[in-house]
Peer 1: 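Before I ask anything, let me first share the structure, which is written out below as structure tokens.
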Amino acid sequence: ALLQSLGFGISFMRIEHYVEKYEDEENSVLTLAAAECVAVGLCSLLWVLYDFRGHIPDMSYMIEPHRLGAIAWTGIMTTVVAIFLEGIALQKATATDAALIFASEPVW
């Protein structure tokens, strides 16, 4: 649990840095969110390849409406939208404030 808080804090500092660096660019938060999602996707793929010794497993059982819905919800709402909203929030709040809020999440 401690490493998760540390990871969140570091990621918020990096996001804040790039939001400030590219604040004059159009759609900078959207671009940063897209870059983060690509990084998450690549890391996930590497993890799958590691777990299955270099082979992509047969995922045909995942082609069912309830599973596709769960994957879409997890991928779109809890990853893409959350990352996008974090970028917007870090335009107003500092990375320190955001890290403290997220670190205190288990209390709430």
Side-chain angles (χ1 to χ4, degrees):
L2 180 62
L3 289 177
Q4 181 182 10
S5 299
L6 183 65
F8 274 127
I10 291 170
S11 71
F12 290 140
M13 289 188 325
R14 299 309 306 156
I15 293 169
E16 180 186 41
H17 168 76
Y18 286 109
V19 165
E20 289 175 358
K21 184 175 180 179
Y22 297 109
E23 68 184 342
D24 296 332
E25 300 291 327
E26 187 176 337
N27 296 324
S28 63
V29 173
L30 188 60
T31 304
L32 286 171
E36 284 184 70
C37 289
V38 168
V40 167
L42 289 174
C43 288
S44 299
L45 177 63
L46 290 174
W47 190 332
V48 166
L49 291 173
Y50 175 77
D51 275 354
F52 289 91
R53 295 181 179 90
H55 301 288
I56 296 179
D58 179 21
M59 303 288 269
S60 60
Y61 68 93
M62 296 298 287
I63 310 297
E64 293 181 17
H66 69 282
R67 289 187 174 140
L68 291 176
I71 291 169
W73 176 263
T74 303
I76 295 170
M77 295 307 293
T78 65
T79 303
V80 176
V81 173
I83 289 172
F84 179 70
L85 292 177
E86 286 172 9
I88 291 173
L90 286 171
Q91 289 177 328
K92 307 279 188 237
T94 65
T96 305
D97 293 339
L100 288 172
I101 290 167
F102 271 78
S104 68
E105 180 182 13
V107 175
W108 313 110

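Please read these numbers as outputs of a predicted model, since none were measured by experiment.
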Peer 1: To the nearest 0.5 angstrom, please state how far the CG atom of Leu68 sits from the CE atom of Met62.
Peer 2: 7.5 Å
Peer 1: Hydrophobic clusters here meaning ILVMFWY residues chained together by side-chain heavy-atom distances under 4.5 Å, can you tell me if Leu90 and Tyr22 are in one?
Peer 2: yes
Peer 1: If you round to the nearest 0.5 Å, how far is CD1 of Ile71 from CE of Met59?
Peer 2: 6.5 Å
Peer 1: Under a 4.5 Å side-chain heavy-atom rule over Ile, Leu, Val, Met, Phe, Trp and Tyr, are Ile15 and Phe84 clustered together?
Peer 2: no
Peer 1: Can you tell me how far apart CD (Gln91) and CD (Glu16) are? Round to the nearest 0.5 Å.
Peer 2: 11.0 Å
Peer 1: Is there a path of hydrophobic side-chain contacts, each under 4.5 Å between heavy atoms of I/L/V/M/F/W/Y residues, joining Leu49 to Leu42?
Peer 2: no
Peer 1: Answer yes or no: are there more than 12 heavy-atom neighbours, outside Ile56 itself, under 6.0 Å from its atom CD1?
Peer 2: no
Peer 1: Would you confirm whether Thr79, through its side chain, and Thr74, through its main-chain N or O, come within 3.5 Å as a donor-acceptor pair?
Peer 2: yes
Peer 1: Roughly how far, to the nearest 0.5 Å, is CE of Met13 from OH of Tyr18?
Peer 2: 12.0 Å
Peer 1: Of Leu30, Val19, Val29, which is the lone residue that meets side chain to side chain contact (heavy atoms under 4.5 Å, CB included) with Ile88?
Peer 2: Val29
Peer 1: State the NZ-CZ distance between Lys21 and Arg14, to the nearest 0.5 angstrom.
Peer 2: 8.5 Å
Peer 1: For Glu26, look at atom CD and say whether over 12 heavy atoms of other residues, nucleotides or ligands are found less than 6.0 Å away.
Peer 2: no
Peer 1: Within this structure, what is the CG-CZ distance for the pair Asp58 and Phe52, rounded to the nearest 0.5 Å?
Peer 2: 10.0 Å
